[in-house]
Structure formats: C-alpha cells, structure tokens
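Below: one structure, written as structure tokens.
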Amino acid sequence: MNDTRRALLLFEQAVELPRSERAAFLREQCAGDDALREEVGALLTADSEAGDFLEQPLHANSDRSGEQLGAYRLVQLIGSGGMGSVYRAERADRAYAKPVAIKLLLFDAGDLRKRFTLEQRILGALSHPNIASLLDVGIDARGGPYLVMEFVEGRAITTHAREAALDTEARLRLFIKVLDAVQTAHSQLVVHRDIKPGNVLVDAHGEPKLLDFGIAKLLGDSTPGTTRTGVGPLTPDYASPEQVRGEPIGTSSDIYSLGVLLFELLTDRRPYLMADNRPSTIERAVCDTDPPPPSTHLPRQRSVHLRNLDAVVLKALHKLPGQRYASCAEFSSDIQRWLAGEAVQARHPPWSERAVHVLHRHRLATSVVAAATFALLLGTVAALWQAHIARLARDRAERVNQFLTDMLSAANPGELGRKATVAEVLDRAQRLAERELNGDAQTAASTELTLARTYHALGDLDAARHSGEAALGAARRSDERELTAAVETELGTILTQRGDFVQAEPLLLAARNDAIAAGTARMKADAANALGSFESQRGQTARAANWFELALAEMPAHAAAARAETLNNLGIVKSAQGDNAGALALQREVVALLRQAYPHGHPALAEAIANLGVSLEINNQFDASAATFAEALPMQVELLGEEHPSVVQTLASMTNLDVRRGDIAAALEHGARAWNAAQKLPENHPMTAYAAVMYGQALIGSGRASAAEPVIERALAMRQAKYPADHPLIANTQSLLALARAESGDISGGATLALSAYERLRASLGETNELTKVAQQRLSQIQALERSEARKP
Amino acid sequence: MSGDTGAPITRLLERWRHGDAAAADALLPLVYEQLRAIARRALAAERPGHTFVPTELVHEAYLKLTGAELPDSKNRMHFFAIAARTMRQVLVDHERHRRADKRSGGERISLSSLDPPDPHQSLDLLALDQALHALEGVDERKARVIELRAFAGLEFDEIAQVMQISRATLARDFRTARAWLYRALDRQPPEHRVPQ
C-alpha cells in the first residue's frame, strides 16, 4: 500500500509538469526503483488516455444482449450514453455473417418512422470507403427505433497515432483521408455534427473509418432530452461556437470540429482547458477564448514552417464559420501544401481583433445557410430518386413501367407531407438571403447555390433557376472561380431540365472551362457529366456519350457513387441508341465498381447486382439473370433482412424471370416468398402491390387462379387508394384480375372487366404500349375460354 | 421547511450535519430501502433498454423521504453524499444477484459515462466497485470524490463543500483517482481483429 500511495503522490507532482520534463523528474525521484517508475508512468499514460472517463455522473442501462431484433441478434453491449446503447449484433440466422453495430435509440418512434426511412436513404447513399455505412433502420417490437451500422473495430484516431508513434507527417496523411471522407459527405450535404476521436476509428490496416455520419442530426431533431445549450449530448470539446450557442449549423461546423481533432492529433491536447462541464464554462471557452497555436505544445523549437501549420489549424478553428476553410477539400489542399513545403493559404490570424465582437453581425447569414442546408438534406431524397428513375429509364418492359410508376408516387415529397414545410423554409431563406447578403458575394453565392440545388431537387425548376441566377451573379462578383464553376454546372443542369438549351449550353461550357482552370478533378468530371446530360436531353446521343466517357476518365477513383451515376447515364444513352447489350455491359461495370468499393458487401452493391439481373433478363439471358439474382438475394437478405422493400423487389423480379422461362415451381416459390415478406412492409408500401401482381401471375400460371384472386384484389385495392381512377396501373391490375376470375370460372365477369381495362389502356397509352398489348393478350385468352365454354354441350 | 417540523429524515440530516454520527447510522437503512425500491422499479421499467440516471433516482428518493418541495440545499447535499454510497451498493447488489442466479433473467445493469469517450467501451459495474474498494484502502478521500460524482452526480463545487476541501485539492484528487481507476479497470481500446 505504501508503494501505491507513493506512486499516487509522485503522479500528482509529475502531472503538473510539462510533458517534456516528466521523464527526468521520474528518473530522479525513482532512482533505482524501476517498478515505482513504471507504476507512475502507467498512471500518466492512463491520465492522458482517460478522456471523459468518469467525468459525468453514470448512467445505468439495462442490457438487452441475446434479444433478437428483426433479422439480428444482439450479441454484446459495447457502449451506451444519453441517446441509447450500442450493441455488437449478428444476423440471427447465419453463423458466418459479419457482425454489425446496432444503436438502440431511447425515444418512441411514433410518426418518426417515415422520416427515419427518408434519412436512411440519404445516409445509406453515402458511399466512401472511410465512412462506416448505415445499413438499415428499424423499429423494435416495443416501438423503439434502431439503426444498423457497419461494425468497425479499431482505436480512436488519437490513440492510434500515439500508440503507433506516428510522426507529424504520418498523422497529417491520416487526417487527409478523414477530410476526404467528410468532403464526400458534405458534397451530398450531410453534416456529421459530432466529429471527435471516438467517432474516427482507425482499423487494423491503419485505415480511418468515420462512424455515425448524420446520426447526430437524426437524433438531435427527435430527442426530447437535448439540453438548453444545444450542445446536448455532443462532446463540448469538439463542438463549434455555433453549436454551443444552439444555432443552426452547417458543414463549416464540421470543419471546426475537424480543426479540434487535428489540434489534438498534433499535440495530444485539446485547444481549450475546461474546468468543468457547465454550459457557461463551455460557452466561454469555445466562443470567447482564442485557442493557442498548436506548436506551443510541441517540444521542438517553433520554426516558420511549424507556424504555417499553426495557421492551418487556427483557420479551421476560427470563431466565424465564414472565416474557416470553405470546404474539406480546401482544408486538405492546404495541409498538402504544407507537407510539400509550399506556402499555405491560411494566414496568421489577427490576434488583436477578437472575432467574438463581430459575430452577431454574421449570425443571420450563418443561420440562413444552415436552414437551407437542412432543407437540402430533405431535398437530396428527391435527387436520389431522380438517379433511381434515370437508372430505370433504360428498361422498357411492362413490369419496369409498373415499378417505376409505383416508386415515383412513393418518392413524391408532397405525399410525405414535407414539401410544404421545406418550401416555406426555402422561400424564407431566399428572401432573407437576398436582403441580407448583398455585401458578401461569396456567402451569397454559396447560399443561393444551396437554395438552387434544393429547389432543383424538389422539382421547382422556376425557383431553382431564380436562385441559380442570383448565385451566378454573386459568384462572378466574388471572383472565386471554383465556386463559379460549381454554380455554372448547377444552373446549366437546371436550364437543361427546363429545356432552355440555348442558355444552358454556354453556361455548361463555361463551367467546364472554369473547372479546368481552378477546380478539382471531381469538378471537371461533374461539368463533363452535366454536359453529357445536356446533350442526352436534346437528343445528341453520340456527343452525350463522348462527354460521359470524358467524365469517367477524369472522375477520381474514390468517387464511386458519382462514377456509378455517370455509368448509368451512359447506359441510358446506349439504351436510347437501341443498344441493350451496351447498356448491359455498363450495368456490369457499375457492379464491378461497387464491388471494388464495397468488398464486404453493401446495400448499394446488392441493388446494382439485382439491377444487372433485370438487365440480363431484358436481354433474354435467362440463365445468367438467374445466377445474378442468386447472388444479389442472399446479400440483400443478409444486409437488410428478409422483410425489406429491396428484397421484396428482387424476389418479385425473380418471379417474373421464372414465369418468362416457364419454371412455374420456382415462380411459385419466389412469388410466395415475396408476398410473405411484403406483408411485413409498412402498410400500403408500393412494393407490396408489385409483389402481389407477380405472385398472382405465378399462381395463375400454375393453374391456381382462385388463389390468385384475393392476392390481386389486394393489389388493386392498394393502387386504387393511391392513384387516380384513370391511372394505367389500375387498369393493368384489373386486367390481371379479370384473367384470374375467368380462369377460376367467372368467364363472363372476367371478360367484361378485361375488355374495359383494355379499352382504357388503349385510350390512355395507345395501341403499341406494352401495358396495352399485355391487356389485349389477356383479353384474347379470356375470349378463347368464352368460345370453348360456348362450344360445350 | 424547518428541521423540527419536517420529516424524520430531515431532522436526522440536520443532526448529522451538526456532527451527530449516530444520525448517519439511523439514516442509512431508510435511504437504502427507498433507493432500492426506486432502482428496482427503474430496472424493471416497461421498456428494458431505457437508460436511467442514478442521480435522478437519488433525487427522487430525497423528495420521497423528506417530502420537501424545495429542498434545503445543505441538507440536500448531505443527503446526496449518503446516497452516493447507497446507490453504489444498491446497483452492486442487484448485479451480484443477477449474476448469481442467471435463470432469473433479471435485466443486467451496465454503466457508462454520459458520453463515453469511446463508443466501444462501457463500464463493468462490479469491476468499478472492486477498484473503488481497493482505492479506498489507499486513499479513501479520492475514492469518495469519485463516488460523489459518479453515483450521486454532485457538482464539483458541491463535492468540495461536502468534503470540506479546496477546489484545487478536489481537482487533484479527482484527476489522480480517475487515472488510477482507468488503469485498474484496464480500459484498453478493443483488440484488433483481422478483417475477413
């Protein structure tokens, strides 16, 4: 005991000393007593690693390990906090499956379910090898929502750097990878909001992985328990001034938190010393205190070179969001300049000028940007749907039309009751932006650009154009060529979609020039992709193909999602040129690309494989199609669980393939499985009707028309509730129902319904449409039954 | 609410605060029973998985025992000082009981800081309890500081007042105890696993 007491005493003295002097102190005090020296050394290490350990009163949590949650079994509780608890979990039915992390949230789902699904699509679309994927979102039997995420095993980035004894350059190179990942998320306007070492883990290969992207927002909006400062559950040491004040935040808040992370990575310390966690202490430290230059914490002499690195860190830590790096890409470029020994863009801050005093003048501007960013997050959904629709546009067969129409109606933000709200936010933001931002061209341009993108994503092209033009004026005034290129690309795309080809063309060409002169490779590729879409829209398919190919050549390798999108665009062009085989080859490439990006599987990869299956089926390659579906299905089931819309869709597509190649037994099996899984989807999910129609076809094909009737009736009821009475899908479903009725005995009733369905389709879609032709076939089938019935004695 | 007309517990607290050690002995069983009842209810909450904050339970127990709407802050602080030890005991008893009889299927308790520095770590309650015991053997004051913060949620100023030590001493005690416990609990980052 005496030894322990002595060790504690020495620790208390040593910990007060500067790091550089501790070793000498211990050598002197513990002369000859190595055990004592080791003991004190271990305590000093523990002190520097302990972080927030025991700082806060404890939370007690009941442990749900062993419980099954949807397709997963909770294996082990690995952490918990104010928001809920995190478990390591496994697929309940497969021993070999990779573990996932499941976060159980501590609030009731209520009507949050819809929004959760929306957010999941946004976050699920975030694809970057250094971002841990959000795989699924569900609601447990008690009504509590949970998130299923990629399980990452690793150490906090700061711990890793310390234990691997990385030098400054290695630490910076690691940090650049983090910036690249955050940049990808920001370009899709997803803000992390809670960047800290615990959320940036480094795996066994030394690769950083960002956890919980966008999760803070998901929680922040719906958790009742967030505290008055708005800091809520966030770690105050990494929170930006605007976060601490509870103001709306944007991507620049993440830049700030990254600045704190970099500070800590370089010095093993945080920029501010906070005596306690009182809101007033936090606010004073974060909002009113200038952080010291990080090099003051480094043992070496402060050289000019190191002071340049100080400037980089301090620029990210600026109190004013507008004075920080405008993007992670810019932040990263400056670090790379420093590593190369070049001059950095960051300047040494004017210490005399306390940033705080000018803050409130800028507050409004910050809020406007943040409000618009928030709105855009919702708008992104629409953009994703557009990509989805574009992908499907190649396929012309009946079931694809059917699926497309179903999904379109599900994607309509108005249906989810959010459009009005978003539009209100936007309109208000736009009015404010025009009134308040006249003086600051760069901020005005960024704000208007965000607004334009949001309106665009929401489909309001007039408003999008208005904001886009305002953004263009401001961007050109600001003389920021990179920003100008981004605005020109966006406005050019908006004009293209409006059909204003004459105005779109010079803008897009200017965008390409500006991107070549001042932008990143990604911006050049984006401009080329936009030019390709422009040519594609006005029917110049050969030129379009050239642009897309150029975009693919220039697109950075890591931008897997953008590459996949351009490949899809190229596929649309090929398909329009009648080149189904070319489109198929591209779909193969999309799959290969995503396979590389997600070697361990990912919902996006599984979906691309399933789409390849559809593409193969359209090309009449039935065996290859079957083999492809056979790969996609288990991956989707493993990642998403059986009762997931994507799984239902794949099973229904498989049913269709089985029917086409006459394998009725397989059609019945897949159809029944699709139908059963569809029962568990949210009520009236469009995929349920799709599964019903496919299963109904399989049942009729197997001679069980009377069993098909109730299934098809269910699909009809759902579609009648969803669409206007004259919608083609309703007529199509009625035509199938007519066939089921006729086959199960009610020939005259079936004939009447089939005839009316056919005539409505012919009137609305024309004689040559696939749906009309199928309805005509069914009608003739029933009429043949009628004739043979009439011939009976 | 004055000490003389208040609930017995308020009088006991008054006496204890004025140096009557016997008062503390009389207090403890009352507090223990109340806390145990409240904690049991919290652990058997309708929805397992709910986090509860021991501090809030302590507060609830105080209100129940004293019936005080606006608790006298000095009494409250001393009550919390007693409750910290008791809360720790209640949680540890529950966890021991659960581990001893696995078939009972009782909800396991695990503890964590409000915002764990590393989401892959959580605290083992029994291990923390043992480590605190060991620390008590070396420096009881340091163990007490941690207990007051972790189990009763007292603010640092309040801890300094209850313990009658300066803020500087408190800060030093806290930092040292924390490093010692961190090491004693062997809180290593999770082992690396070779990805498949």
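A salt bridge does not link A:Arg5 with B:Asp139: every distance from a Lys NZ or Arg NE/NH1/NH2 to an Asp or Glu carboxylate oxygen is 4.0 Å or more. Electrostatic pairing of B:Arg175 and A:Asp47 counts as a salt bridge here, judged by a charged N lying under 4.0 Å from a carboxylate O.
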Inset, instruction - For A:Arg6 and A:Glu39, run salt bridge (Lys or Arg N to Asp or Glu O under 4.0 Å): C-alpha distance rounded to whole Å, both residues' side-chain angles, the deciding distance at 0.1 Å, then the answer. - result: CA-CA 10 Å; A:Arg6 187 159 151 69; A:Glu39 171 76 17; over 6 Å; no
Inset, instruction - List the steps and the verdict of side chain to side chain donor-acceptor pair (under 3.5 Å) for A:Tyr238 and A:Glu264. - result: CA-CA 10 Å; A:Tyr238 302 90; A:Glu264 192 173 346; 2.2 Å; yes
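Between B:Glu147 and B:Arg144, the closest side-chain pair of non-hydrogen atoms falls below 4.5 Å. Taking the side chain as every heavy atom from C-beta outward, B:Met163 and B:Asp173 never approach each other to under 4.5 Å.
Within residues 8-15 of chain A, the residues having any heavy atom less than 4.5 Å from a heavy atom of chain B are, in residue-number order, A:Leu8, A:Phe11, A:Glu12, A:Val15.
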